[in-house]
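Note on naming: letters A, B, ... go to the chains in the order of the sequence lines (proteins, then strands), and numbering restarts at 1 for each one.
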Amino acid sequence: MDATGQGHERLEDIGARKIMTTQGKKLVVWGIPWDVGDQGLREQMWQFGELADAMQMKDHASGRSRGFGYVTYASSEDAEKALSAQHIINGGMLQVKVARSKGRNGPNT
DNA sequence: GTTGAGCGTT
């Protein structure tokens with residue numbers, strides 16, 4: 001039995017790789033009603049293009065919806081399409097912008 | 001039971 005213990009680093013490498021490949025395709029969705037969940041957001045954005053990933057941020061104390069979420073499109077053209085398109089949910093208009101990096105000094109660099 | 005125009009989780 002060889003105990004290299006490097007099988008865990010592979011998964012982190014894929015995660016880091018995802019950040020590099022999702023740059024410019026990660027969009028942040030604002031204006032989400034407090035009654036809308038992550039799947040509601042996913043279904044709403046799926047109409048504009050295939051989503052590589054979608055998650056909605058909620059309060060860690062109560063678990064309530066924060067009113068915003070992140071959406072990653074499988075293609076940059078679909079991301080721009082969603083940026084240029086308008087989203088209506090529950091009779092409200094959602095705002096889609098390009099998401100920034102979470103652990104970097106700036107959105108670009 | 002509430003609120004808003006802002007960027008997350010190692």
Side-chain angles (χ1 to χ4, degrees):
Chain A
M1 304 69 122
D2 294 323
T4 48
Q6 290 183 352
H8 185 70
E9 293 182 352
R10 282 242 178 123
L11 295 177
E12 290 186 352
D13 187 37
I14 295 176
R17 190 56 161 226
K18 192 174 184 180
I19 301 291
M20 297 239 281
T21 199
T22 50
Q23 192 157 108
K25 296 175 225 173
K26 198 106 169 193
L27 309 179
V28 51
V29 184
W30 296 90
I32 306 178
W34 326 107
D35 300 336
V36 177
D38 50 339
Q39 32 188 322
L41 179 65
R42 179 191 298 175
E43 288 290 301
Q44 180 66 26
M45 305 303 289
W46 176 270
Q47 301 171 94
F48 292 87
E50 184 177 352
L51 304 179
D53 202 359
M55 33 183 149
Q56 196 223 13
M57 294 284 114
K58 30 191 169 171
D59 186 50
H60 190 253
S62 185
R64 225 183 286 178
S65 166
R66 275 194 184 175
F68 87 100
Y70 289 95
V71 177
T72 309
Y73 279 89
S75 186
S76 58
E77 50 186 284
D78 288 338
E80 289 189 42
K81 188 189 303 179
L83 282 168
S84 185
Q86 289 203 314
H87 316 281
I88 308 292
I89 183 170
N90 285 17
M93 304 173 76
L94 304 182
Q95 294 186 359
V96 184
K97 302 180 188 179
V98 183
R100 297 175 168 181
S101 312
K102 66 170 151 176
R104 295 292 174 182
N105 276 332
N108 186 17
T109 302

Contact list for residues 28-48 of chain A, test salt bridge (Lys or Arg N to Asp or Glu O under 4.0 Å), sequence neighbours left out =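 Every candidate salt bridge (Lys or Arg N to Asp or Glu O under 4.0 Å) pair involving residues 28-48 of chain A fails, so no pair, neighbours aside, qualifies.
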Tell me who clusters with A:I88, hydrophobic residues only, linked when side chains sit under 4.5 Å apart either directly or through other members.
->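 Hydrophobic cluster check, A:I88: joined to A:M93.
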Residue list, salt bridge (charged side-chain N to carboxylate O under 4.0 Å, His left out) with A:K81, at least two apart or on another chain =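 Residues passing salt bridge (charged side-chain N to carboxylate O under 4.0 Å, His left out) with A:K81: A:D78.
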Any pair counted as ring-ring contact (aromatic ring centres under 6.0 Å, His included), so long as it reaches residues 75-100 of chain A, sequence neighbours left out =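 The answer is A:F48-A:H87.
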What string of B, S and - do you get for nucleotides 4-9 of chain B, 5' to 3', when a contact is any protein heavy atom under 4.0 Å?
-> BBBBBB
With a 3.5 Å cut-off and just heavy-atom distances, do the side chain of A:R64 and the base of B:dT2 make a donor-acceptor pair?
->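 Answer yes: a donor N or O sits under 3.5 Å from an acceptor.
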Give every donor-acceptor pair under 3.5 Å between a side-chain atom in residues 57-69 of chain A and any protein atom, sequence neighbours left out.
{"residue": "A:D59", "atom": "OD2", "partner": "A:A61", "partner atom": "N", "Å": "3.2"}
{"residue": "A:D59", "atom": "OD2", "partner": "A:S62", "partner atom": "N", "Å": "2.9"}
{"residue": "A:S65", "atom": "OG", "partner": "A:Q56", "partner atom": "NE2", "Å": "2.7"}
{"residue": "A:S65", "atom": "OG", "partner": "A:G67", "partner atom": "N", "Å": "3.3"}

